There are 2 protein chains.
Amino acid sequence: MDHDQELQTVADHFRQEGYRWTPQRALIVRAAFATHDHFTADELLARSHEQDPRVSRATVYRTLSVLEAAGFVEGLDTGDGGRRFEHVLGHQHHDHMVCTTCAAIVEFHDPLIEERQEAAARQHGFLIERHSLRLYGQCKRCRASVQKRVGR
Amino acid sequence: MDHDQELQTVADHFRQEGYRWTPQRALIVRAAFATHDHFTADELLARSHEQDPRVSRATVYRTLSVLEAAGFVEGLDTGDGGRRFEHVLGHQHHDHMVCTTCAAIVEFHDPLIEERQEAAARQHGFLIERHSLRLYGQCKRCRASVQKRVGR
DNA sequence: TTACATGCAAATGATTTGCAGGGAC
DNA sequence: GTCCCTGCAAATCATTTGCATGTAA
């Protein structure tokens, strides 16, 4: 799915749900989908401002919450109180490793883990709607630089 | 490990790390360990106030952060911006299912999942310090009441 | 004695909301 | 023409911090 198609999908969803499709929302969604990275609300505001400095922070938050509810975007707690969002539409589900030193995010996926989650849920009569698996620690790069320091 | 022993362990840790062991900290830790549930900072403050209304919110937060750093307590983002803590000392590691309807928390544990997490981390040169696995959805009770409603 | 801890109130930072004017449908 | 959306500023909410005073070691 290319970006224009995606944008169309989102626009359709907004209208179907009774939301209006405004230039601000188009601009914010375009900015959110521009790259597949993990952005904060503030970064999204900044990116939107590159296109039009009049877009307000409030509208960014309001749009993000509609996008999240619709599953176009997924929010991750960063652990330090903030949140980052990622563009999900058209991307395969995956989990995250978060570096506690440099905040780098590594994505991974393991079907066996997903399967065992389902099994655990079944055992408890629980119906999974979504899940979040995060590994916190040191990424390759940060481990390497620690070892260097320790080594000398 | 009974509660007095636990308290002693925590007190020892505080002193070893150069923190002072004060009546407030003892009171707060006792309140945190009183039950194995998932409490907010605010609830802990309330519980502490039952013993001594002069304990301040700031001291609760300051004590929680030492407890968390030491691994006596573990913080979980609730998804709505807040956090809950749970007493970890003397309890086996486990993950959580969170009911999005009634907020009930079900604990579960799967060694195979842990193993696969380690494997994934190894593959990416990542060193896990801690992890968080949360399944969000409907608990048994809430599923049952939805079905009842749909059924009639 | 001397840092560190405490309580208080003010500061912070992310997110939300009330409101009056503007614009999608 | 409605009613939702927007920008702005003020309001929240959880958490943190500065400071003068208290106190564990």
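Order of the sequence lines fixes the chain letters, A, B, ..., with proteins taken first and strands second; residue numbering starts at 1 for each chain. No experiment lies behind these values; they were computed from the predicted model shown.
- For the pair B/Leu67 CG and D/dT15 C1', the interatomic distance rounds to 16 Å; values are reported in whole Å.
- Looking at residues two or more places apart in sequence or on another chain, you find no salt bridge (Lys or Arg N to Asp or Glu O under 4.0 Å) involving B/Arg15.
- Every pair passing side-chain hydrogen bond (donor to acceptor under 3.5 Å, both in side chains) that includes a residue from residues 20-35 of chain A is listed here, sequence neighbours excluded: A/Thr35-A/Asp37.
- The CZ-C1' distance, from B/Arg83 to D/dC13, rounds to 15 Å in whole Å.
- The hydrophobic cluster containing A/Leu112 also includes B/Leu112, under a criterion of side-chain heavy atoms closer than 4.5 Å among ILVMFWY residues, counted directly or through chains of members.
- Going from atom CD of A/Glu17 over to atom C1' of C/dA24 covers 17 Å, rounded to whole Å.
- Here A/Ile105 sits alone; no ILVMFWY side chain lies under 4.5 Å from its own, so it joins no hydrophobic cluster.
- Direction of the helix axis in the helix from C/dT1-D/dA25 to C/dC25-D/dG1 shifts by 40° between the two five-pair termini, rounded to 10°.
- A straight line from OH of A/Tyr61 to C1' of C/dT16 spans 9 Å, rounded to a whole angstrom.
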Enumerate, atom names and distances included, each donor-acceptor pair closer than 3.5 Å involving a side-chain atom of residues 50-62 of chain B, sequence neighbours excluded.
residue, atom, partner, partner atom, Å
B/Asp52, OD1, B/Arg54, N, 2.8
B/Asp52, OD1, B/Arg54, NE, 3.2
B/Asp52, OD2, B/Arg54, NH2, 3.2
B/Ser56, OG, B/Thr59, N, 3.2
B/Ser56, OG, B/Thr59, OG1, 3.2
B/Arg57, NH1, B/Asp42, OD1, 2.4

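- Contacts between residues 38-51 of chain A and DNA chain C, counted as heavy-atom distances below 4.0 Å, involve A/Ala41.
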Just by protein heavy atoms under 4.0 Å, how would nucleotides 1-9 of chain C read 5' to 3' in B, S and -? --BBSBBB-
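- Considering only residues two or more places apart in sequence or on other chains, B/Glu43 meets the salt bridge (Lys or Arg N to Asp or Glu O under 4.0 Å) condition with B/Arg84.
- For B/Glu115, the salt bridge (Lys or Arg N to Asp or Glu O under 4.0 Å) criterion is met by no residue, not counting sequence neighbours.
- Under the salt bridge (charged side-chain N to carboxylate O under 4.0 Å, His left out) criterion, the residue pairs touching residues 104-113 of chain B are A/Arg116-B/Asp110, with sequence neighbours excluded.
- For B/Glu68, the salt bridge (Lys or Arg N to Asp or Glu O under 4.0 Å) partners at least two apart in sequence or on another chain are B/Arg83.
- Using cut-offs of 30° and 60° for the angle between ring planes, the A/His87 and A/His3 rings count as tilted.
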